[in-house]
Amino acid sequence: MQIGHIFPNFRVWRKILPKITTFSTKKRKHFARVGISFFRNRRRLMPKDTSYTAKTPDSTGQIQYDADENAVWRDLVAQQMPKVQRLMARPYLDGLARLDMPRDRVPQCTDISARLRELTGWQVDPVPALIPFGQFFSMLAAKTFPAASFIRRREHFDYIEEPDIFHEIFGHTPLLTDPRFARFSQAIGRAGLAAAPADYSWLIRLYWFTIEFGLTRENGALKALGSGLASSPTELPWSVSGDPEYRPFDVIDILRTPYRIDIHQPLYFVLDDLDALFAAAERDLLADIRTARSLGLHAPKYPPKTARAR
């Protein structure tokens with residue numbers, strides 16, 4: 001068995017590890033703890049009842065998708081494309097055009113990576129559906145986007161709790177063609193490398209309410225920006241319908257706002273000026289987390305999650 005089968009992200013860790021030698025002793029020890037935590041906790045962080053497994057690339061980096069899987073991609077794109085053209089913001093649409101991804105089959109991560117490297121120096125690496133925060137941040141810091149490699153089945157066509165390849169490629173990669181959004185994502189990763197594990201859940205909220213579920217305004221109209229909206233047949237129109245609560249973009253407010261991953265968001269943060277997001281990449285985000293902690297979390301806007309019937 002090859003080491004890549006045991007540790008699917010070994011290539012990413014091999015790329016990152018040489019950089020650790022330039023860190024202080026304290027940072028080297030922290031980074032090691034993050035890596036050890038990843039290997040110990042990865043299975044625990046996967047949904048206990050998930051029926052999906054990661055697809056493993058072959059020796060050339062290609063993933064084999066069968067006809068049914070390619071048909072699901074084709075039909076998802078056909079359903080979603082009219083909605084994104086109408087409701088998504090211009091930076092996403094411009095990125096989608098730059099990638100010119102296939103509509104009739106699942107794109108290969110190697111092909112998307114080749115185009116991203118030309119534009120922003122980023123790449124996409126296949127991973128399990130859910131990975132711990134520490135691994136997520138370390139990959140972003142290395143300009144590598146972790147992409148779940150499987151695609152949803154027909155019974156989960158309109159909603160799947162785990163991120164799949166449609167969410168990752170169709171939802172996320174268009175913004176990574178824009179150097180400004182790419183720098184913001186890398187800044188989140190670098191802040192995560194410097195953060196203590198107890199701060200991960202605070203920091204990830206800034207990514208969640210912007211790159212995943214952010215909104216902006218174009219010519220006075222609400223437009224969706226986030227990848228979780230671009231890839232969702234039902235939440236995309238909901239997010240700009242006027243029914244959710246909207247708040248102006250504010251880093252501290254965002255860090256204090258809890259969320260659930262398995263429902264339509266009851267609250268969205270709106271960027272009136274995208275430069276406010278890009279400026280956030282230059283902030284001392286760890287100091288912002290300390291401020292948010294001192295103020296405490298806001299009360300949740302959503303009902304408590306109930307256990308699934310088995």
Nearest heavy atoms of [X] and [Y], plus distance in Å:
{"X": "P91", "Y": "L274", "result": "CG-CD1, 3.6 Å"}
{"X": "A224", "Y": "V240", "result": "N-CG1, 4.0 Å"}
{"X": "L93", "Y": "M88", "result": "CD1-O, 3.6 Å"}
{"X": "E168", "Y": "P163", "result": "OE2-CB, 3.9 Å"}
{"X": "I63", "Y": "P57", "result": "CG1-CA, 3.8 Å"}
{"X": "L286", "Y": "A194", "result": "CD1-O, 3.7 Å"}

Do [X] and [Y] make a side-chain contact, defined as non-hydrogen atoms from C-beta onward lying under 4.5 Å apart?
{"X": "L285", "Y": "I188", "value": "yes"}
{"X": "T173", "Y": "R115", "value": "no"}
{"X": "F181", "Y": "H172", "value": "no"}
{"X": "I263", "Y": "Y302", "value": "yes"}
{"X": "I165", "Y": "C109", "value": "yes"}
{"X": "L206", "Y": "F184", "value": "yes"}
{"X": "D94", "Y": "T177", "value": "no"}
{"X": "F170", "Y": "V84", "value": "yes"}

Working to the nearest 0.5 angstrom, can you tell me the gap between [X] [atom1] and [Y] [atom2]?
{"X": "D250", "Y": "L271", "atom1": "CG", "atom2": "CG", "result": "11.0 Å"}
{"X": "T216", "Y": "F249", "atom1": "OG1", "atom2": "CZ", "result": "10.5 Å"}
{"X": "L255", "Y": "L295", "atom1": "CG", "atom2": "CG", "result": "10.5 Å"}
{"X": "S227", "Y": "I169", "atom1": "OG", "atom2": "CD1", "result": "11.5 Å"}
{"X": "H298", "Y": "R256", "atom1": "NE2", "atom2": "CZ", "result": "4.0 Å"}
{"X": "R183", "Y": "W122", "atom1": "CZ", "atom2": "CH2", "result": "12.0 Å"}

* Residue pair R153 / S51, side-chain donor-acceptor N/O under 3.5 Å -> yes

* Donor on one side chain, acceptor on other, Q62 and T110, under 3.5 Å -> yes

* Asked: Does a salt bridge link R154 with D75, judged by any charged N lying under 4.0 Å from a carboxylate O?
  -> yes

* Asked: Can E218 and R90 be counted as an ion pair, charged N to O under 4.0 angstrom?
  -> no

* Taking the six-membered ring for Trp, is the centroid-to-centroid distance between Y207 and F136 below 6.0 Å? -> yes

* Return yes when atom CZ of R190 has more than 12 non-hydrogen atoms of other residues, nucleotides or ligands closer than 6.0 Å, and no otherwise. =>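 Open.
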
* Over 12 non-hydrogen atoms of neighbours within 6.0 angstrom of CZ in R117 ->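 Atom CZ in R117 is crowded, with more than 12 foreign heavy atoms closer than 6.0 Å.
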
Quick check against the 3.5 Å criterion: does [X] have a side-chain atom that pairs as donor or acceptor with the backbone of [Y]?
{"X": "K301", "Y": "T257", "answer": "no"}
{"X": "E69", "Y": "D66", "answer": "yes"}
{"X": "Q80", "Y": "S232", "answer": "yes"}
{"X": "E235", "Y": "Q265", "answer": "yes"}
{"X": "S113", "Y": "Q123", "answer": "no"}
{"X": "K223", "Y": "R86", "answer": "yes"}
{"X": "D262", "Y": "E161", "answer": "no"}
{"X": "S185", "Y": "A182", "answer": "no"}

* Asked: Do the side chains of L119 and L96 join up, straight or via other hydrophobic residues, at under 4.5 Å, putting them in one cluster?
  -> no

* Would you kindly confirm whether Y159 and I151 end up in one hydrophobic cluster when ILVMFWY residues are joined by side chain heavy atoms under 4.5 Å apart? => no

* Any chance you could lay out the side chain to side chain contact (heavy atoms under 4.5 Å, CB included) test for K55 and V106, step after step, and finish with the verdict? => CA-CA 13 Å; K55 296 179 76 71; V106 182; over 6 Å; no

* Member of F150, F157, F166, Y65 meeting the ring pair (Phe, Tyr, Trp, His ring centres under 6.0 Å) criterion with W73 -> F166

* Asked: With Y259, which of Y268, F213, W202, W208 fulfils ring pair (Phe, Tyr, Trp, His ring centres under 6.0 Å)?
  ->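 Filter result, single survivor: W208.
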
* To do: Take Q135 and V127, measure what side chain to side chain contact (heavy atoms under 4.5 Å, CB included) needs, and give me the verdict at the end.
  => CA-CA 10 Å; Q135 175 70 357; V127 297; 5.7 Å; no

* Give the C-alpha distance, both sets of side-chain angles, the deciding distance and a yes or no for side chain to side chain contact (heavy atoms under 4.5 Å, CB included) between I160 and Y52. => CA-CA 11 Å; I160 180 173; Y52 290 98; 3.5 Å; yes

* Report the C-alpha distance between W238 and D243 in whole Å, list the side-chain angles of each, state the deciding distance to 0.1 Å, and finish with yes or no for side chain to side chain contact (heavy atoms under 4.5 Å, CB included). => CA-CA 7 Å; W238 155 258; D243 292 326; 3.4 Å; yes

